[in-house]
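One structure is given here, and the rest of the page talks about it.
Just so it is clear, the values below take in all heavy atoms, side chains as well, and ignore hydrogens, waters and symmetry mates. Naming convention: chains lettered A, B, ... in sequence-line order (proteins, then strands); numbering from 1 in each chain.
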2 protein chains.
Amino acid sequence: MIRDSRLSSVLHGLLHMIGAGEPVTSEQLAQAMATNPVVVRRVMAGLREQGLVHSEKGHGGGWTLTRDPADINLADIYRAVGAPTIVAMGHRSENPGCLVEQAVNDALGDTFREVEALFLKRLGAVTLDALAKDFKRRLAKHKQSLEDQIHAVK
Amino acid sequence: MIRDSRLSSVLHGLLHMIGAGEPVTSEQLAQAMATNPVVVRRVMAGLREQGLVHSEKGHGGGWTLTRDPADINLADIYRAVGAPTIVAMGHRSENPGCLVEQAVNDALGDTFREVEALFLKRLGAVTLDALAKDFKRRLAKHKQSLEDQIHAVK
DNA sequence: CCATCATGTAACATATGAAGTTACATGATA
DNA sequence: TATCATGTAACTTCATATGTTACATGATGG
């Protein structure tokens, strides 16, 4: 089953970076991602390897996006964050000679690949930019709702 | 990601039960599933709740299939073995008010359901009977291969 | 009726991997 | 050259799945 808390976490960080205008430190991202700086670096390292972000040391350093958010999709991020295979089934001993495993894989091998392909295809259809815009829309709505409450009290 | 060792394990057990003709004890299943009797009972309990198997205590007791293997498919087993949701994404704190989560879920909620549906649909297309037959075919072939090797040595 | 066999289940132990933490090295900037 | 920020190794939790022990319950055969 696909239950990725890392993707979600990273998206928090990336959304934070969009519009920041300047490098964002691991310290700052750690707050956005509700974790600590070292974990941030560890996770972001995957994105850097895929060329999605860049890191800079020293004063004024931190993390920046290397591409336009419209050119980054969620599949890119999912892969970068380290998702080996989505679907897999196997015995602990991973016995390749096991005839039961062979029968299962023969019956479902294509299915596994197909499910994975569908998942990545859909992730690929959502850009970071689109997500950011939707997020901003929700944020504005949320603020409006809060203001309305304040006015109602007045 | 879907990485179920339990389904695989259970299939070993069920294939062992098919053709046994009589109740199979947890002790015996434990060997087929490469684990121990208590774990077998724990896992099989899920199948029993779904009405796939029946358990009997005392002398001559053990586990039996309650249905024709042709009427049991892998989706039945997968569900019975305890697969809550296949695809899920969320922060540890599972904050329902989080606007990022909301944006992601809005963008991918349907995808999650679609991927899960595809996976279960494909599992549902494979019956336990079909799997058993394929397994037997492989077993026969394997034996033949071993005999050929013996003859070659002679 | 009682010894035996088998499941049912709680309680505890162990193993595995993810996440968090500490410590320190490296490089960049003022 | 003091400070800031990343890079990374090593270690410590923490959560979860699995394995184990122990004992209760129920069924069967003598």
Among B/Val104, B/Leu108, B/Thr111, which residue satisfies the side-chain contact (heavy atoms from CB on, under 4.5 Å) criterion with A/Val126? B/Leu108
Length of the line joining B/Glu27:CD and D/dT20:P, which is rounded to integer Å: 12 Å
Using whole Å, report how far CE of B/Met33 lies from P of D/dT18. 10 Å
For [X], enumerate each residue passing the salt bridge (charged side-chain N to carboxylate O under 4.0 Å, His left out) test, keeping only those at least two apart in sequence or located in another chain.
X        : answer
A/Glu114 : B/Arg122
A/Arg48  : none
A/Lys133 : A/Asp129

List in numerical order all residues of residues 38-52 of chain B for which some heavy atom is under 4.0 Å away from an atom belonging to DNA chain C. B/Val38, B/Arg41, B/Arg42, B/Arg48
[N] phosphate, OP1 or OP2, under 4.0 Å from [X] side-chain N/O:
X       : N      : answer
A/Ser26 : D/dT6  : yes
A/Ser55 : D/dG7  : yes
B/Thr35 : D/dG19 : yes
A/Asn36 : C/dG20 : no

Apply side-chain hydrogen bond (donor to acceptor under 3.5 Å, both in side chains) to A/Asp110 and list each qualifying residue two or more places apart in sequence or on a separate chain. A/Arg113
Could I get the full list of side-chain hydrogen bond (donor to acceptor under 3.5 Å, both in side chains) partners for B/Asp106, not counting sequence neighbours? A/Arg138
Return each pair, listed once, that meets salt bridge (charged side-chain N to carboxylate O under 4.0 Å, His left out) where at least one residue sits in residues 26-45 of chain B; pairs must be two or more places apart or across chains. none
Enumerate the residues from residues 57-68 of chain B whose closest heavy atom to DNA chain D is under 4.0 Å, giving them by residue number; use none for an empty result. B/Lys57, B/Gly58, B/His59
Enumerate, atom names and distances included, each donor-acceptor pair closer than 3.5 Å involving a side-chain atom of residues 59-66 of chain A, sequence neighbours excluded.
from    : atom 1 : to      : atom 2 : distance (Å)
A/Trp63 : NE1    : A/Ser26 : OG     : 2.9
A/Thr66 : OG1    : A/Gly51 : O      : 2.5
A/Thr66 : OG1    : A/Leu52 : O      : 2.9

